[in-house]
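The basis for the numbers below is simple: all heavy atoms, side chains too, and nothing from hydrogens, waters or symmetry mates.
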Amino acid sequence: MTRALATTPAADGFWMPGEFEPHAGCWMLWPERPDNWREAARPAQHALARVAAAIAAFEPVTVGVSAAQYQVARALLDERVRVTEMSHDDCWMRDVGPTFVVDARGAVRGVDWRFNAWGGLQHGLYFPWDQDDLVAAKALEIEGCDRYRAPIINEGGAIHVDGEGTALVTEECLLNVNRNPLLSRERVEGYLGDYLGVSKIIWLGKGVFNDETDGHIDNLACFARPGEVCLTWTDNKRDPQYPISLDAWERLNDESDVRGRRLKVTRLPMPGPLVMSAKEASGIIAREGTKTRTAGERLAASYVNFYIANGGVVMPLLDSRTDRVAARRLKQLFPGRRVVRVPAREILLGGGNIHCVTQQVPAGGLRRRRPSARAAGG
């Protein structure tokens with residue numbers, strides 16, 4: 001039986017490690033809702049199964065599946081993947097699953113954020129979302145990890161950390177009135193410090209253009225390792241993404257991390273622009289309370305939405321014009337890891353990508369260095 005804790009991770013000496021640190025495994029969820037995924041989610045299921053198989057080559061993978069889809073999922077998923085029955089509203093494990101935290105002695109616990117489907121009744125993407133809000137607690141119970149129930153609405157895709165006390169976030173998401181309208185920037189920073197164990201927050205402005213999550217950081221920028229960030233980029237000054245990425249570039253280059261290091265920024269080319277086709281849109285069954293998807297809608301495509309596994313990087317294939325360049329950049333960025341490319345358009349059509357459907361479990365039992373204290377002026 002795991003415990004629901006009344007303290008905070010920071011008070012107990014816990015913090016969120018970097019995604020590039022060793023993993024015990026990876027969690028995912030199975031897509032099935034026909035009002036978000038075309039053709040009763042079958043194309044998306046095949047795509048997710050390929051992602052799971054790619055990750056399973058590096059570390060254990062668990063997929064939560066509804067009772068109705070259990071046999072379908074078990075048949076499609078690689079035999080190395082563990083399948084467990086778990087109710088949920090959609091498959092975005094990054095956002096609804098736990099954010100795992102560790103301490104210096106190697107213990108692992110989890111943060112259970114409050115979830116409102118990226119905006120609740122103010123532009124949220126579906127209703128209800130009650131089963132999603134239970135996923136983190138269920139996963140932590142299975143993992144045998146004690147749980148911190150955070151007092152704020154947040155999603156895993158809205159945060160990225162270097163494991164040493166620095167976090168990347170966007171104003172568009174974490175200061176959005178549809179998340180925590182009564183909280184100031186300073187209060188949000190305080191909660192992030194308490195629940196992620198960070199002491200330096202680097203605020204970027206907006207996320208990727210037309211990102212329905214209200215600008216999640218994990219689609220725009222992420223840490224490759226402490227002191228190094230990769231950023232989605234376009235050279236096309238007429239593209240609406242250009243001023244967003246330029247602003248992020250300037251902010252990142254003006255910043256240092258909690259240890260005072262200037263950040264090294266690598267640009268990943270933006271695919272597309274990509275849009276949803278009429279055929280793709282026609283395969284979705286519209287339903288009241290769920291975001292409507294239409295032909296011609298621009299997709300928030302980004303190669304930054306990759307997953308770092310033990311010894312590997314699983315990246316989305318999105319556009320034949322830019323896939324190879326992005327893969328080369330990632331190989332340069334992660335010289336000690338094997339870059340595996342997986343077709344991921346079907347996941348993108350549902351509003352996210354590979355990072356959005358995954359959640360890493362950090363390895364336990366490892367001695368770690370406690371993150372740095374707050375930098376002066378941080």
Side-chain angles (χ1 to χ4, degrees), residues 118 123 157-160 167-176 185 201-224 227-257 262-278 280-281 291 293-306 313 315-334 339 341 344-345 347-349 351-356:
W118 309 276
H123 311 296
I159 52 178
H160 215 282
L168 285 174
V169 299
T170 69
E171 296 164 346
E172 181 184 4
C173 182
L174 285 182
L175 301 183
N176 198 303
R185 179 191 297 250
I201 311 292
I202 297 176
W203 289 90
L204 302 186
K206 294 183 178 181
V208 169
F209 178 73
N210 213 33
D211 186 340
E212 62 195 42
T213 66
D214 301 310
H216 271 186
I217 190 67
D218 72 343
N219 213 29
L220 175 72
C222 69
F223 283 106
E228 293 193 34
V229 174
C230 57
L231 171 70
T232 195
W233 183 263
T234 178
D235 289 319
N236 182 0
K237 295 183 179 180
R238 292 172 294 180
D239 192 289
Q241 182 60 37
Y242 181 81
I244 296 171
S245 290
L246 179 61
D247 178 63
W249 170 264
E250 291 174 345
R251 294 194 194 200
L252 289 167
N253 279 284
D254 284 343
E255 278 284 4
S256 58
D257 64 17
R262 307 298 291 184
L263 298 175
K264 178 182 177 182
V265 185
T266 296
R267 298 172 177 178
L268 287 184
M270 185 185 75
L274 305 178
V275 299
M276 179 172 285
S277 72
E280 290 165 342
K291 175 183 166 59
R293 302 199 178 281
T294 56
E297 177 184 347
R298 177 156 168 170
L299 304 169
S302 168
Y303 292 112
V304 173
N305 213 298
F306 56 79
V313 173
M315 66 162 282
L317 288 176
L318 298 168
D319 186 341
S320 60
R321 297 166 294 183
T322 47
D323 286 341
R324 290 182 181 178
V325 175
R328 281 200 303 271
R329 295 267 174 90
L330 287 174
K331 287 177 182 177
Q332 293 166 358
L333 197 59
F334 297 98
V339 175
R341 294 173 262 190
R345 182 177 173 88
I347 302 174
L348 175 62
L349 293 173
N353 223 291
I354 289 175
H355 196 257
C356 304

D239 vs R298, salt bridge (charged side-chain N to carboxylate O under 4.0 Å, His left out): CA-CA, chis, key distance, verdict: CA-CA 12 Å; D239 192 289; R298 177 156 168 170; 3.0 Å; yes
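Considering only heavy atoms from C-beta on, V275 stays 4.5 Å or farther from E297 through its side chain. In this structure the side chain of T170 never reaches within 4.5 angstrom of the side chain of W203, judged on heavy atoms. Looking only at side-chain heavy atoms (C-beta outward), D257 and L263 come within less than 4.5 Å of each other. No side-chain heavy atom of W118 sits less than 4.5 Å from a side-chain heavy atom of H123. Using a 4.5 Å heavy-atom threshold, the side chains of L274 and D319 count as touching. Looking at heavy atoms from C-beta onward, R329 lies out of side-chain contact with L333 at the 4.5 angstrom threshold. Taking 4.5 Å as the limit, some side-chain heavy atom of M315 sits within range of a side-chain heavy atom of V339.
Of the listed residues (N305, L348, N219), just one forms a side chain to side chain contact (heavy atoms under 4.5 Å, CB included) with C356, and that residue is N305. Each of L231, L168, V304 was compared with L220 under the side chain to side chain contact (heavy atoms under 4.5 Å, CB included) criterion, and only L231 meets it.
Residues D218 and H160 have side chains that never bring a donor and an acceptor to within less than 3.5 angstrom of each other. A donor-acceptor pair shorter than 3.5 Å cannot be found between the side chains of N236 and T234. Between W233 and D235, the side chains place a donor N or O and an acceptor N or O closer than 3.5 Å (distance only, hydrogens not considered). Of the N and O atoms on the side chains of D323 and Y303, at least one donor lies less than 3.5 Å from an acceptor on the other residue.
Closest approach of P269 to V325, counting heavy atoms only: CG-CG1, 3.9 Å. Across every non-hydrogen atom of T213 and C173, the tightest pair is O-SG, 4.0 Å. Across all non-hydrogen atoms, the minimal contact from S256 to I202 is O-CD1, 4.0 Å. Smallest separation of non-hydrogen atoms from V208 and S302: CG2-CB, 4.3 Å. In terms of heavy atoms, P316 sits closest to N353 at CB-OD1, 3.1 Å.
Salt-bridge formation is not detected for the pair E280/R293: no Lys NZ or Arg NE/NH1/NH2 atom is positioned less than 4.0 Å from an Asp or Glu carboxylate oxygen. Between E171 and R185 a salt bridge is recorded (basic side-chain N to carboxylate O distance below 4.0 Å).
More than 12 heavy atoms of other residues, nucleotides or ligands shown are found within 6.0 angstrom of NZ on K291.
The aromatic ring centres of F306 and F334 sit less than 6.0 Å apart.
Of the possible donor and acceptor atoms, one in the side chain of Q241 sits under 3.5 Å from a partner among the backbone N and O of F209.
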